There are 2 protein chains.
Amino acid sequence: MKNATIQYPIDSNMTNINKQECPILYALQIIGQKWKLPILWYLHEQQTTRYNELKRRIPGITNIMLTKSLRELEEAGLVARHAYETIPPKVEYSLTDVGLNLLPTLNELYKWGETQMKKNK
Amino acid sequence: MKNATIQYPIDSNMTNINKQECPILYALQIIGQKWKLPILWYLHEQQTTRYNELKRRIPGITNIMLTKSLRELEEAGLVARHAYETIPPKVEYSLTDVGLNLLPTLNELYKWGETQMKKNK
DNA sequence: CAGAATCCCTGCGGATACTG
DNA sequence: CAGTATCCGCAGGGATTCTG
């Protein structure tokens, strides 16, 4: 059996416990919500981006979702926030090394998805 | 810029259109729901599995969710369904090559998640 | 400029019961 | 054994308004 090193712990009711035990579910918890990948993607494209520019670049996202997603990504260590204490305020976001480390994996997922899209079309 | 080959199309309101254009969102659409990965995981571990055994192996899943998830995975081409026309019925599920092709990517995600879990703990 | 507060709604998934 | 049928609750996310 290939990939026999993967462990996939599951508890009786799929609570957070197993999400904190299974690295795949853990990862999906971090990047799986609606706006996380678009945000990571644009931060990757533009290196360092201000709040409002990010908002413009991701059509449809609201302040709430953008702020919430950025905070969660920051807490998970994928995104760095740098606030300049000026008036008006200026806040820049960028990918950390942790965030950058995710990109090759996303690339893998991209290639798999691309192949499937062609097949299913 | 690395990974410059990744395209990430987004439309104005994040509808299905962009989910059908972006391979990453497309992939997440297929494997991102609550029970998809556990199902894929156990099918990988046990090769060919009957409906009720799958249900026993995935604690907490209901018939509805198991059937629904299997149908979607089947439609996406990741899972094969083989029904024996006997009484009582016997239905076996297994991973297709498409499903197997996803495992290396999941392994990548696993390693990334594992690293993050250690850091954030 | 970069958010926070408030209210609201849809739809994913859960619970229970039933069947060819 | 392998599912359907029904009903229901909640949380993720939307729309709008406001502010240091």
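Chain naming here is simple, since letters A, B, ... match the order of the sequence lines and numbering starts at 1 in each. As the structure is a computational prediction, the values presented were derived from the model and not from experiment.
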Any B:Arg50 side-chain N or O less than 4.0 Å from OP1/OP2 of D:dA2: yes
Side chain to side chain donor-acceptor pair (under 3.5 Å) pairs, two or more places apart, involving residues 70-80 of chain A: A:Lys36-A:Glu72, A:Lys68-A:Glu72
Sugar-phosphate only, base, or nothing, as touched by B:Tyr93 at under 4.0 Å among non-hydrogen atoms: sugar-phosphate
Terminal axes of the helix from C:dC1-D:dG20 to C:dG20-D:dC1 (five pairs each): angle between them, nearest 10 degrees: 60°
Length of the [atom1]-[atom2] vector between [X] and [N], whole Å:
| X | N | atom1 | atom2 | answer |
| --- | --- | --- | --- | --- |
| B:Leu37 | C:dG13 | CG | P | 12 Å |
| B:Glu53 | D:dC1 | CD | P | 12 Å |
| B:Leu54 | D:dG3 | CG | C1' | 13 Å |
| B:Ile58 | D:dA2 | CD1 | P | 14 Å |
| A:Lys55 | C:dG3 | NZ | P | 11 Å |
| A:His82 | C:dA2 | NE2 | C1' | 15 Å |
| A:Ile39 | C:dA2 | CD1 | C1' | 14 Å |

Partners passing side-chain contact (heavy atoms from CB on, under 4.5 Å) against [X] (at least two apart in sequence or in another chain):
| X | result |
| --- | --- |
| B:Thr49 | B:Leu43, B:Gln46, B:Glu53, B:Leu54 |
| A:Asn52 | A:Lys55, A:Arg56 |
| A:Thr62 | A:Ile64, A:Met65 |
| B:Lys118 | B:Glu114 |

Check: [X] side chain, [Y] main-chain N or O, donor-acceptor pair, under 3.5 Å:
| X | Y | result |
| --- | --- | --- |
| B:Gln33 | B:Gln29 | yes |
| B:Thr96 | B:Gly77 | yes |
| B:Asn101 | B:Asp97 | yes |

Pairwise ring-ring contact (aromatic ring centres under 6.0 Å, His included) hits with a residue in residues 47-75 of chain B, at least two apart: none
Nucleotide-resolved protein contact map, nucleotides 4-20 of chain D, B/S/- at heavy-atom distance under 4.0 Å: BBB------SSB----B
DNA chain C-proximal residues of residues 72-81 of chain A, any heavy atom under 4.0 Å: A:Arg81
Contact list for residues 22-32 of chain B, test salt bridge (Lys or Arg N to Asp or Glu O under 4.0 Å), sequence neighbours left out: none
N/O donor-acceptor pairs under 3.5 Å from side chains in residues 79-86 of chain B, not counting sequence neighbours:
from, atom 1, to, atom 2, distance (Å)
B:His82, ND1, B:Tyr84, OH, 3.4
B:Tyr84, OH, B:Glu92, OE1, 3.0
B:Thr86, OG1, B:Pro88, O, 2.9

